[in-house]
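Hydrogens, waters and symmetry mates play no part in the numbers below; they use all other heavy atoms, side chains included. Keep in mind the model is a prediction, meaning the values are calculated, not measured.
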Amino acid sequence: EVLGRPDILRQDGLLGPKAFAIADLLGIRFCVDGVPVRRGPDGVELMAIERNTGPYAGKLCLVGGGVGRVWQGNSWVPESVKLALERHFQTDLGYDIRPVGSWDQPDYLAQDMRPIDGEVRPGFMPNPNSRHLVAARYLVEIVGGNKKAPVFGATDIGGQEASDVRWFNRGEMPDLSEFGYNHGVTYQHMFAKAEAL
């Protein structure tokens with residue numbers, strides 16, 4: 001609901017100041033994630049990274065992360081969804097990307113939060129500083145050919161966030177237990193979306 005409002009996620013992909021004011025007030029963390037898609041010999045294929053850091057090291061995950069603020073002129077301004085996702089792909093894999101659709105129309109919206117008792121449900125590990133996470137997720141194309149070898153970058157917490165990439169079609173999709181952060185559910189949805197294109 002939050003990201004679907006035009007005063008929150010604008011047509012140019014910018015998260016407005018109102019979005020961050022609401023986020024700060026409610027403890028919401030805005031994220032953006034991308035699922036690379038390509039046409040393979042056996043149909044649509046999606047890509048996941050194998051995490052190398054965090055609580056789900058060794059698991060398959062989306063590429064992405066937080067949407068923040070950037071210093072511009074003499075103040076902090078919201079980072080656009082576009083710039084945030086491009087930054088994550090460049091940092092993690094050295095890939096340039098473009099959305100299959102439009103930046104103002106995410107292909108999937110996800111949100112999760114801690115239950116009132118403070119426990120985290122199985123399959124999801126939210127940011128420990130957030131009570132509530134909202135993520136816009138996009139099908140993306142890798143610009144310059146999707147067979148380009150990834151260049152794994154360094155994260156701000158040290159080390160490479162990804163150690164490998166994996167392409168798979170619907171019939172080869174790994175079991176949900178192989179995904180971290182409950183991202184397997186997103187991949188199920190994204191296959192349906194990609195196959196409808």
Side-chain angles (χ1 to χ4, degrees), residues 3 13-15 29-38 40 44-71 78-101 103 106-112 123-130 133-169 172-174 176 178-191 193-194:
L3 277 176
L14 186 71
L15 281 173
R29 181 172 186 231
F30 286 118
C31 294
V32 61
D33 302 301
V35 178
V37 59
R38 70 182 181 188
V44 170
E45 295 179 336
L46 302 181
M47 189 198 84
I49 60 169
E50 184 176 309
R51 286 285 299 212
N52 198 42
T53 60
Y56 291 107
K59 297 284 190 177
L60 298 173
C61 295
L62 299 159
V63 177
V67 177
R69 297 174 175 93
V70 293
W71 187 255
E79 182 179 36
S80 71
V81 170
K82 173 182 182 294
L83 288 178
L85 193 55
E86 288 173 342
R87 171 174 56 81
H88 287 297
F89 268 89
Q90 266 297 318
T91 301
D92 294 350
L93 302 173
Y95 284 159
D96 294 320
I97 53 139
R98 66 176 169 237
V100 172
W103 287 116
D107 294 295
Y108 186 71
L109 289 175
Q111 61 177 326
D112 223 311
F124 187 80
M125 177 68 71
N127 181 306
N129 299 320
S130 297
L133 175 138
V134 177
R137 295 181 172 159
Y138 296 86
L139 284 170
V140 299
E141 296 173 313
I142 297 170
V143 178
N146 49 22
K147 295 188 190 243
K148 173 183 170 186
V151 178
F152 300 114
T155 68
D156 57 359
I157 60 171
Q160 296 173 342
E161 188 166 304
S163 59
D164 201 3
V165 298
R166 185 164 163 195
W167 289 93
F168 47 87
N169 62 36
E172 301 168 335
M173 183 173 159
L176 293 180
E178 294 186 48
F179 291 89
Y181 299 98
N182 204 30
H183 284 172
V185 173
T186 296
Y187 279 91
Q188 289 177 327
H189 177 86
M190 290 303 206
F191 266 118
K193 191 88 175 179

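Considering CG of L62 and CG of L85, their distance stands at 10.0 Å, rounded to 0.5 Å. Rounding to the nearest 0.5 angstrom, the gap separating the CE atom in M173 from the CD atom in Q188 is 4.5 Å. Distance OG1/T91 to CZ/F152: 13.5 Å, rounded to 0.5 Å. With values rounded to the nearest 0.5 angstrom, H189 atom NE2 is found 9.0 Å from L109 atom CG.
Using a cut-off of 4.0 Å between Lys/Arg side-chain N and Asp/Glu carboxylate O, E178 and R166 are scored as salt-bridged.
Nearest heavy atoms, Y108 versus T186: CE2-OG1, 3.3 Å.
Remark: the backbone N or O of G66 is paired with a side-chain donor or acceptor of H88 at under 3.5 angstrom. A distance-only check finds no donor-acceptor pair linking the side chain of D164 to the backbone of E50 [under 3.5 Å]. In this structure, the side chain of Q90 does not engage the main chain of R87 through any donor-acceptor pair within 3.5 Å. Within the 3.5 Å criterion, the main-chain N or O of W103 finds a donor-acceptor partner in the side chain of Y138. Checked by atom type and distance alone, the side chain of N52 pairs as donor or acceptor with a backbone atom of Q160 at under 3.5 Å. In this structure, the side chain of H183 does not engage the main chain of C61 through any donor-acceptor pair within 3.5 Å.
The shortest distance between side-chain heavy atoms of E141 and V100 falls below 4.5 Å. A heavy-atom distance below 4.5 Å is found between the side chains of P36 and W167. Looking at I49 and L60, their side chains never come closer than 4.5 Å, going by heavy atoms from C-beta outward.
F179 and Y56 have their aromatic ring centers separated by at least 6.0 angstrom.
Of the options V140, V143, I142, a side chain to side chain contact (heavy atoms under 4.5 Å, CB included) to D96 is made by V143 and by none of the others.
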